[in-house]
There are 4 protein chains.
Amino acid sequence: MTGRPRDPAVDDAIRQATLQLIEEQGYKGVSMEGIAARSGVSKQAIYRRYAGKGEVILDALATFAKTRLPTPDTGDLREDLLALLEETFAGQRGINGVLNRALAAEALQDESFTALLNERLISHRRDAVREILGHARERGEVSHPSDDLLIDLVFGPMWYALLLDTSKLTDAYAAALTDAVVAVARTP
Amino acid sequence: MTGRPRDPAVDDAIRQATLQLIEEQGYKGVSMEGIAARSGVSKQAIYRRYAGKGEVILDALATFAKTRLPTPDTGDLREDLLALLEETFAGQRGINGVLNRALAAEALQDESFTALLNERLISHRRDAVREILGHARERGEVSHPSDDLLIDLVFGPMWYALLLDTSKLTDAYAAALTDAVVAVARTP
Amino acid sequence: MTGRPRDPAVDDAIRQATLQLIEEQGYKGVSMEGIAARSGVSKQAIYRRYAGKGEVILDALATFAKTRLPTPDTGDLREDLLALLEETFAGQRGINGVLNRALAAEALQDESFTALLNERLISHRRDAVREILGHARERGEVSHPSDDLLIDLVFGPMWYALLLDTSKLTDAYAAALTDAVVAVARTP
Amino acid sequence: MTGRPRDPAVDDAIRQATLQLIEEQGYKGVSMEGIAARSGVSKQAIYRRYAGKGEVILDALATFAKTRLPTPDTGDLREDLLALLEETFAGQRGINGVLNRALAAEALQDESFTALLNERLISHRRDAVREILGHARERGEVSHPSDDLLIDLVFGPMWYALLLDTSKLTDAYAAALTDAVVAVARTP
DNA sequence: TGTTAAGCGAGACGGTACGTCGTGTCTTACA
DNA sequence: TGTAAGACACGACGTACCGTCTCGCTTAACA
């Protein structure tokens, strides 16, 4: 019932090849076949682990993001939010952004992958902001009734920028967006 | 030098087949081959008109959206914005939303298509909001320095919802989002 | 140096699964993987015993044919030959024929298997006829100079029928063929 | 309704690549993928023409055998038969024999291909012998009641040799076999 | 009575080939 | 020149077997 255990070196090879390919050629240049070729791993070995391209990419991303998002708690909503956004946006400017674009593309093509994406990535990010808002709410800094809307105001523009123009995600943009979100949070 | 003029019936057939397919099967079910088969048009006839799938979809969308976006001018920012968002969101709940998802998918795969999408669709929508903001600014209703950020706050969450959960785009959500944007607009 | 002895139940399971599969699905439906699955035996256990699919089938056939071919000696060439052919042909009409087809397919794909097939199956059958001919020759019933050609006249048509139309191998066909061979045998 | 006509150069390329591969590597070395690669033709182009490997090989063989089998009519059964067998056997000693082996392998794996093989190859060969026998029968040289058995006596040993030992198909063997068949033909 | 060498089920692994699908280009005949 | 039809090279898909290779466990015979 046990059988030969999966070789962790294979996992690594897949992840690494995926990252390389997506970095070199973008989402279009990533194919299961290509990953297999680049990693020197058989296609079966990949399909044994993942149901499709989306999952491979999602897992490759986890290489970076495996560490939980830090949720600063400085006692000031604006400061906490700004720290989180700057870090998150900074991530999106490199490979990370390309990966996120790829994940979005995949989710748009395969409804069932959307759920997985949500569960593994989106929800964690949302929770981080929700936590920050929770602390601020305790301090009376948040009058707005809905956390969800505030979170949408944070991540909506980010994905929008990922879709249209990744270079927009500067620290300045993070600051401007933070200010806007804080303003809404103070509105009852 | 002129030769046979293009048959307008072919244009229609392409658009209609595209809409049918995307309605029935979503983005994944749409292929140039499928469109040709469904419409009874040769692939060549399609490629003569469009450079790729993205353009076909973009043009098919124009069937609905060909009418310029109405930019209400009631003298009240909140009212104008709400009217625009309710109408826009309403559109996204049907085929229109699927089309927009398809366009996003296409843009994520082909950088050069992003520019076209921007030019033909995104920018028009942004201009509509910009116009509303312009009027409100004249009336002193807008203190926020950047129109662009306010516009991002409008459309970011919309695309975010298109990516994750189209059903979210209700009138209630339009109202909540409008309130938030208005609040930011009033912040200097 | 001794280790665990091979489990005879495994041998049986392999043979039985092979026979089942070949009976149910013909040669195309037989795979090492399938045999392992059906028999509940590991692939390794099969490869430990056999070098390839051909050998497995050859051994499975031996389940039936393990008894040496009976070489009747009635004192009459025609009678001896007819008895042998009727029995041999009768065998080819069932699973046995499918097995023989499979062996032929294997031999055609792998030259080195041809030798094995010859050694384990073909040569025994030829020897049986050779023996009958030897007795007849002693009695002066055979004038033809070459046993080998006579034997080819017996088995050539049989394999030819296995290739093209197994149902041809009736008792009537055995009789007609016997008469022909006897006629040739009498020719100097 | 017309469409682009099939490129005859593609047909040629497929046939030629098939022959090359089968000559170089035998039946085992022939794959649809290999043929496509060697010929510089897409797999689709092959599958558009043939239902499977068997048909490709069968058609490649037709390159040689397209000329109808010559059915000599010298007025002597033995002479006619010998000429036909010598020529046929001579063909089997080269690539032609490998092709025939391949066809047999294919037929053994796919029942439905057997019918095609019969129709396109086997039956023509049988007809050639049948014609020779017909002439001889008119001259009173044939007393045996069944043409079919006589034909089996000709081709049975040939395929048997193709299966086991192609080198056996010498002129001497053709002569010995002819003598045997003639002897049977004279038997009532 | 342990020790030890092989057998065993399970299943991962690198390969090779399968047959299908979609892309964008091309080549016909016809209009 | 436009058009429908359809061939074409290319590249990817997901699946099936191949024969080999670990694993952890079982099963004798030898020490």
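Order of the sequence lines sets the chain letters (A, B, ...), proteins ahead of strands, with each chain counted from 1.
- Straight-line distance from the CD atom of D:Gln25 to the C1' atom of E:dA17: 14 Å, rounded to whole Å.
- Atom CZ in A:Arg6 sits about 13 Å away from atom C1' in E:dA10, given to the nearest Å.
- The base of F:dA16 lies close enough to the side chain of A:Gln44 for a donor and an acceptor atom to sit less than 3.5 Å apart.
- Mapped onto DNA chain E by nearest heavy atom, B:Met32 and A:Val41 fall at different nucleotides, with A:Val41 at the one closer to the 5' end.
- Between D:Arg49 atom CZ and E:dG19 atom C1' there is a gap of 17 Å when expressed in whole angstrom units.
- Checked by distance alone, A:Thr2 brings no side-chain donor or acceptor within 3.5 Å of a matching partner on the base of F:dG24.
- Closest contact between the side chain of C:Ser42 and the listed nucleotides E:dC8, E:dC13, F:dC13 involves E:dC8.
- No hydrogens or angles were tested; on distance alone, nothing pairs the side chain of B:Ser31 with the base of E:dG22 as donor and acceptor under 3.5 Å.
- No contact: A:Gly34 has no heavy atom under 4.0 Å from any strand.
- C:Gly52 comes within contact range of no nucleotide atom at all, as no heavy-atom separation falls under 4.0 Å.
- Interface remark: the C:Arg4 side chain does not form any donor-acceptor pair with the E:dA6 base, using a distance-only criterion of under 3.5 Å.
- Computed from coordinates, the C:Lys53 NZ to F:dG19 P distance equals 8 Å when rounded to whole Å.
- One can place CD1 of A:Ile46 at 12 Å from C1' of E:dC13, the figure rounded to the nearest angstrom.
- Nucleotide E:dG24 holds its C1' atom 14 Å from the CD atom of B:Glu106, rounded to whole Å.
- For the pair B:Thr114 (side chain) and A:Leu164 (backbone), a donor-acceptor distance under 3.5 Å is absent.
- A donor-acceptor pair under 3.5 Å links the side-chain atoms of C:Arg101 to the main chain of C:Leu162, judged by distance alone.
- Within 6.0 Å of CD on C:Gln16 lie no more than 12 heavy atoms contributed by other residues, nucleotides or ligands.
- Minimum atom distance to the side chain of D:Glu33 is reached by E:dC18, of the listed E:dC18, F:dT3, F:dA9.
- Donor-acceptor pairing under 3.5 Å, judged by distance alone, is absent between the side chain of B:Lys43 and the base of F:dG6.
- Remark: the backbone N or O of C:Glu106 is not paired with any side-chain donor or acceptor of C:Asp110 at under 3.5 angstrom.
- Shown are A:Arg6, A:Arg49, A:Arg48; of these, the salt bridge (charged side-chain N to carboxylate O under 4.0 Å, His left out) with A:Asp11 is made only by A:Arg49.
- Spacing between atom CZ of C:Arg38 and atom P of F:dC17 amounts to 13 Å, rounded to whole angstrom units.
- Between A:Lys28 atom NZ and F:dG11 atom P there is a gap of 13 Å when expressed in whole angstrom units.
- Both D:Arg48 and A:Gly29 sit near DNA chain F, but only D:Arg48 has its closest nucleotide nearer the 5' end.
- Closest-nucleotide positions on DNA chain E for A:Pro5 and D:Ala51 were compared, and the one nearer the 5' end corresponds to A:Pro5.
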